[in-house]
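Accompanying notes for the structure given below.
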Number of protein chains: 2
Amino acid sequence: MSNKREKTRHLLLDTVLSLLLAPEGSPLRMIDVAKAAGVTRQTVYAHFSNRSEMLIAAILHFGDQLDIDDRLAPSRAAPDGRSRLTAYTRAMLEFFPAIYPLKQSLMRMGGSDEEAKSAWEDRIRAMKEGCAAAVRALKSDGVLLDHLSEARATDLYFTLLNMDGWAHCVLENGWPEADYLAEMQRVTHLALVKP
Amino acid sequence: MSNKREKTRHLLLDTVLSLLLAPEGSPLRMIDVAKAAGVTRQTVYAHFSNRSEMLIAAILHFGDQLDIDDRLAPSRAAPDGRSRLTAYTRAMLEFFPAIYPLKQSLMRMGGSDEEAKSAWEDRIRAMKEGCAAAVRALKSDGVLLDHLSEARATDLYFTLLNMDGWAHCVLENGWPEADYLAEMQRVTHLALVKP
DNA sequence: TTTTAACTTGACACAGTGTAAGATTTTAAG
DNA sequence: CTTAAAATCTTACACTGTGTCAAGTTAAAA
């Protein structure tokens with residue numbers, strides 16, 4: 001059995017993430033990854049055939065570390081639509097601080113990595129699926145606003161929960177996270193739920 | 001007088017924009033710009049000392065073509081806070097279709113162009129200044145929600161007006177623009193204004 | 001018509017990606 | 001402990017794109 005290969009791969013992915021999440025948005029050259037992992041550039045290529053593939057693997061690896069299911073449990077366990085909406089909103093905003101730096105790093109990287117971005121978007125789509133579930137719960141409780149279809153309500157909810165808005169308020173303008181959460185709870189309920 | 005230089009510069013900027021706004025998000029190499037403009041790569045460097053500078057110039061040039069002042073006139077002319085909010089929201093959403101492709105292109109480009117991005121963000125900041133003005137008008141009418149400071153209300157309004165949300169609903173999910181506008185009007189009023 | 005600015009031509013140095021092949025170390029199994 | 005295979009290292013190369021340079025050519029304003 002070749003345990004070493006797995007270990008090195010793991011080390012490389014951890015290294016990529018640590019560089020990606022580092023405060024100075026480095027260009028992330030292959031040589032940087034190699035050096036930081038204490039390995040040769042060619043070894044990196046032995047594990048990932050090019051940068052895109054490496055980034056995709058790193059994104060997936062990152063997702064694995066996030067124990068999404070656990071954090072979403074309260075939302076799934078909510079007894080009714082309104083509380084499910086509340087719980088899901090809270091869960092999402094709790095993800096943002098961890099996720100946002102990675103998003104920034106990916107955005108700062110060349111458009112050559114189209115596939116890496118689509119791997120990222122897969123993760124985001126999963127987030128939206130949660131929005132849809134919350135909206136469904138509202139609908140089946142009969143508390144979803146009448147003029148909103150489920151699809152529209154999902155889009156709208158997803159739009160309101162945007163990470164850039166969170167970053168703008170919390171990171172750039174110093175809102176306490178609790179305040180931002182409170183506003184989002186207020187606004188999402190107003191936007192979606194019957195009074 | 002050397003009129004030719006100005007003309008060439010103008011041609012180059014138009015070319016950059018047309019490539020940037022083209023459906024296929026090309027990598028925008030200097031040689032692409034040169035060829036598309038019918039000019040040598042060296043000529044491009046004679047006008048802009050590097051790619052960042054070229055992109056910045058293109059962004060500013062783009063802004064100039066947008067006759068922002070005219071489009072914002074209705075908002076400035078609004079007789080009261082509520083109608084100013086409505087007018088500004090409409091004006092912003094009318095900008096989005098023109099602006100969004102450029103934003104996408106810039107985002108798809110390497111982090112090497114840090115300065116280009118900050119030129120972009122200057123434009124965005126101007127947008128936010130408009131949000132602040134609308135919020136001030138609400139405040140002075142006494143219809144701004146009591147729990148919101150002007151700063152907080154501005155951040156919140158700006159957050160709700162995010163372009164990615166617009167793109168998500170209108171471009172990706174086929175909302176008619178009028179529907180999106182209507183929802184935004186509804187939500188922003190609920191979020192900011194006393195009932 | 002001249003002169004000069006603008007543009008062209010053809011070269012170069014540099015950085016980063018991705019490939020290749022042989023030498024060396026490490027690992028796991030006998 | 002030995003050995004064969006796997007993983008890594010070393011060195012080298014081809015390729016693309018950026019940015020620079022210097023001399024030659026075209027076109028515009030005087």
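Being a predicted model, the structure only gives us computed values, none of them experimental. The chains referred to below are lettered A, B, ... by the order of the sequence lines, with proteins before strands, and numbering in each begins at 1.
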Rounded to whole angstrom units, what separation is found between the [atom1] atom of [X] and the [atom2] atom of [N]?
| X | N | atom1 | atom2 | answer |
| --- | --- | --- | --- | --- |
| R5(A) | dC9(D) | CZ | C1' | 15 Å |
| D32(A) | dT17(C) | CG | P | 8 Å |
| N3(B) | dA28(D) | CG | P | 10 Å |
| I31(A) | dC14(C) | CD1 | P | 18 Å |
| K4(A) | dA29(C) | NZ | C1' | 16 Å |
| E6(B) | dA6(C) | CD | C1' | 13 Å |
| R51(A) | dT16(D) | CZ | C1' | 13 Å |
| R9(B) | dC7(C) | CZ | C1' | 17 Å |

V39(A) vs Y45(B), nearer the 5' end of DNA chain D by closest nucleotide: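 Nearer the 5' end of the strand: V39(A).
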
Toward the 5' end of DNA chain C, by each residue's nearest nucleotide, T43(B) or R41(A):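 First, find each residue's nearest nucleotide; the 5'-ward one identifies T43(B).
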
Comparing Q42(B) and T8(B) on DNA chain C - which has the more 5′ nearest nucleotide: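 Its nearest nucleotide being more 5', the pick is T8(B).
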
Between Y180(B) and T159(A): side-chain donor-acceptor atoms closer than 3.5 Å: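 Side-chain D/A pair, Y180(B) to T159(A): absent.
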
Phosphate OP1/OP2 of dA7(D) contacted by H47(A) side-chain N/O (<4.0 Å):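 The answer is no; no side-chain N or O of H47(A) sits under 4.0 Å from OP1 or OP2.
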
Main-chain N/O of R152(B) paired to D155(B) side chain as donor or acceptor, under 3.5 Å: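 No, the answer is negative, given that no donor and acceptor are paired below the 3.5 Å cut-off.
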
Qualifying ring pair (Phe, Tyr, Trp, His ring centres under 6.0 Å) pairs with a residue from residues 44-87 of chain B, counting only residues at least two apart or across chains: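 Qualifying pairs: H10(B)-H61(B).
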
Minimum heavy-atom distance between M30(B) and R41(B), given as atom pair plus value: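 Distance-wise, the nearest heavy atoms are CB-CG, 4.1 Å.
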
Aromatic plane relationship, F96(A) with W166(A) - under 30° parallel, 30 to 60° tilted, over 60° perpendicular: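 Answer is perpendicular, since the angle exceeds 60°.
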
Strand contacts (DNA chain D) in residues 11-19 of chain B, 4.0 angstrom heavy-atom criterion: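 Going residue by residue through residues 11-19 of chain B, none turns out to have a heavy atom under 4.0 Å of DNA chain D.
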
L144(B) and V193(B), any side-chain heavy atoms less than 4.5 Å apart: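 No. Closest side-chain heavy atoms not under 4.5 Å.
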
Electrostatic pair K117(A)-E121(A), nearest N-O below 4.0 angstrom: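 Result for this pair is no, no salt bridge flagged.
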
